[in-house]
Protein chains: 2
Amino acid sequence: MGMARNAHDHVHEMHRGASLEHAARESLEKAGEQWTEMRAAVFTALAGFSRPASAYDIAEAVGAARGRRVAANSIYRILDLFVASNLALRVESANAYVANTHPGCRHDCIFLVCDSCGQVTHIDDEHLSNGVRAAAEKARFAPVRPVIEVRGRCANCVAKGEQSPPPQA
Amino acid sequence: MGMARNAHDHVHEMHRGASLEHAARESLEKAGEQWTEMRAAVFTALAGFSRPASAYDIAEAVGAARGRRVAANSIYRILDLFVASNLALRVESANAYVANTHPGCRHDCIFLVCDSCGQVTHIDDEHLSNGVRAAAEKARFAPVRPVIEVRGRCANCVAKGEQSPPPQA
DNA sequence: CAGCGGACGTTACAACATATCATTGATGGA
DNA sequence: TCCATCAATGATATGTTGTAACGTCCGCTG
């Protein structure tokens, strides 16, 4: 487990591995929901991907882990719960999901989605997200959920000169 | 045809109806592409929706207009061209498209998507979109296309107390 | 006319998402 | 104990969104 102090002077727990799952469980139970075997398996699978995973990716991973096929249906139910409970985040422009590394802390977030390798990095910038909310309000719009994502190429891929088609897994 | 001067001191042509189609045609031809009957029909259908339209919505509309079924395939090809040429914009969080009312002017844009009535309003704020680009660059990411959308409820729906399920067409 | 390239048609399929109803298992009350 | 109930999950089907592969048509040009 690690700590990090970011640009807007705001402490986040950046969890990984077992610590992340523990934090997720705590967070879900604090919301009055159960941490079931299935939910744990979905979370583990999700956290195991280094890139955003589709519901079907997760279904496959969970199915492999328990030696039994799992229907998309069940995965979507759990992902919806995770998103509602802030354990996972949906990347709209990729129709896919990522585990939230600090599930206890809810805020708008910004995704940088690499079109070469598919990796997503997640940054927070309250100044920007508040700016977006403010702009919406100025247009007499009641913002509920800002979606701020940037498609482009990560430092790694720019350095390597990689082209667009993302490799597997 | 009308003119508008917006917050960042920047003139846009805000086209509607025949003027919009004319501007779209000009814009496409200036890009070295042909303005075919099919493309005209797709643009007309797209511009005829008051809300973001899916490729299948458009396929249906175009099919009805010419009395002959049109495959999704063809629509996607044309929509991709339109997006690349800035005649249309894709609303990522809705998997749908809107006509660009000022096709000659290319910039990042911000969508406000009403979860009650489904309407989308499109605002521009260079300060914000530049901020998003800058944040990405600061993370050593080469931004190509910012996706800035806000889900929420438009002034109208807030006033009417409408709930989420969007009405048809 | 032959050859070429762009636009569109046709068919099939892959990927993403939801609807509906059945089953299971835990809990609590009569 | 027995049963009612409810949350979670399973099973099945279907709806929606997006691509792939290949064929045809047509206008252009040598």
Side-chain angles (χ1 to χ4, degrees), chain A residues 25 28-29 31-43 45-46 49 51-63 65-85 88 90-98 115 118 164-166 168-169, chain B residues 25 28-29 31-43 45-46 49 51-63 65-85 87-88 90-98 118 164-166 168-169:
Chain A
R25 174 173 186 163
L28 194 62
E29 287 178 341
E33 300 285 351
Q34 304 175 37
W35 185 254
T36 65
E37 277 190 22
M38 188 66 188
R39 290 174 185 182
V42 168
F43 192 84
L46 179 59
F49 284 91
R51 304 194 296 163
S54 75
Y56 285 80
D57 292 338
I58 294 168
E60 195 175 331
V62 171
R66 37 162 49 196
R68 179 184 180 175
R69 197 179 164 280
V70 182
N73 193 348
S74 302
I75 303 298
Y76 277 108
R77 270 194 298 243
I78 292 173
L79 285 174
D80 288 349
L81 175 71
F82 283 2
V83 169
S85 311
R90 178 173 164 86
V91 184
E92 291 293 342
S93 70
N95 296 327
Y97 301 82
V98 293
D115 288 327
S164 353
Q168 291 318 320
Chain B
R25 174 173 186 162
L28 194 61
E29 288 178 340
E33 301 285 351
Q34 304 174 36
W35 184 254
T36 65
E37 278 191 24
M38 189 66 189
R39 289 173 186 183
V42 168
F43 192 85
L46 179 59
F49 284 91
R51 305 194 295 163
S54 75
Y56 285 82
D57 292 337
I58 294 168
E60 195 174 333
V62 171
R66 38 161 47 195
R68 179 183 180 177
R69 196 178 164 280
V70 182
N73 199 345
S74 302
I75 304 298
Y76 276 108
R77 271 194 296 241
I78 293 172
L79 286 174
D80 288 350
L81 175 70
F82 284 1
V83 169
S85 312
L87 271 65
R90 179 173 162 86
V91 184
E92 291 292 342
S93 70
N95 296 327
Y97 300 81
V98 293
S164 352
Q168 292 316 321

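Lettering follows sequence order; numbering is per chain, from 1.
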Going from [atom1] on [X] to [atom2] on [Y], what distance comes out if it is rounded to the nearest 0.5 angstrom?
X       : Y       : atom1 : atom2 : value
A:Ile58 : A:Tyr97 : CD1   : OH    : 8.0 Å
B:Thr36 : B:Arg25 : OG1   : CZ    : 10.0 Å
B:Leu46 : B:Phe82 : CG    : CZ    : 7.5 Å

Over all strands shown, is [X] touching base, sugar-phosphate only, or nothing at heavy-atom distances under 4.0 angstrom?
X       : value
B:Arg77 : base
A:Glu37 : nothing
B:Ala71 : base
B:Arg69 : nothing

Distance check needed: [N] [atom2] versus [X] [atom1], whole Å only.
X       : N      : atom1 : atom2 : result
B:Asp80 : C:dA7  : CG    : C1'   : 14 Å
A:Tyr76 : C:dA19 : OH    : P     : 13 Å
A:Asn95 : C:dT18 : CG    : P     : 10 Å
B:Leu79 : D:dT17 : CG    : P     : 12 Å
B:Ile75 : D:dT17 : CD1   : C1'   : 14 Å
B:Leu81 : C:dA7  : CG    : P     : 8 Å
A:Glu29 : D:dA8  : CD    : P     : 12 Å
A:Met38 : D:dG10 : CE    : C1'   : 9 Å

Inset, instruction - Return the orientation label for the B:Tyr76 and B:Tyr56 ring planes: parallel under 30°, perpendicular over 60°, tilted otherwise. - result: perpendicular
Legend entry - Within 6.0 Å of CD in B:Glu33, more than 12 heavy atoms from elsewhere: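 Result for CD/B:Glu33: enclosed.
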Is the shortest side-chain N/O distance from [X] to OP1 or OP2 of [N] below 4.0 Å?
X       : N      : value
A:Thr36 : D:dT9  : yes
B:Arg66 : C:dG9  : yes
A:Arg90 : C:dA17 : yes
A:Ser74 : D:dG10 : yes

Inset, instruction - Walk me through it: do A:Arg77 and A:Leu81 pass the test side-chain contact (heavy atoms from CB on, under 4.5 Å)? - result: CA-CA 6 Å; A:Arg77 270 194 298 243; A:Leu81 175 71; over 6 Å; no
Inset, instruction - Look at the side chain of B:Tyr56 against the base of D:dG18 and say whether a donor-acceptor pair falls under 3.5 Å; ignore hydrogens and angles. - result: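 When only heavy-atom distances are counted, B:Tyr56 does reach the base of D:dG18 through a donor-acceptor pair under 3.5 Å.
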Legend entry - Of the listed nucleotides D:dT17, C:dG9, D:dA8, the one nearest the side chain of B:Ser54: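 Of the candidates, D:dT17 comes closest.
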Legend entry - Nucleotide of C:dT10, D:dG10, C:dG6 approaching B:Gln34 most closely (side-chain heavy atoms):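 In terms of side-chain proximity for B:Gln34, the closest of C:dT10, D:dG10, C:dG6 is C:dG6.
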Inset, instruction - Ignoring hydrogens and angles, tell me if any N or O in the side chain of B:Ser85 forms a donor-acceptor pair with the backbone of B:Leu87 under 3.5 Å. - result: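 The answer is no, because no donor-acceptor pair under 3.5 Å joins these two groups.
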Legend entry - Along DNA chain D (nearest heavy atom to each residue), the more 5'-positioned of A:Ile78 and B:Asn73: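 The residue mapped nearer the 5' terminus is A:Ile78.
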Legend entry - Which residue lies more 5' along DNA chain C, comparing B:Gly32 with A:Ala96 via nearest heavy atoms: B:Gly32
Legend entry - Axis bend over the full length of the helix from C:dC1-D:dG30 to C:dA30-D:dT1, computed from five pairs that close each end, to 10 degrees: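 Answer rounded to 10°: the end axes differ by 10°.
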Legend entry - Within-4.5 Å side-chain heavy-atom neighbours: B:Val62 and B:Met38: yes
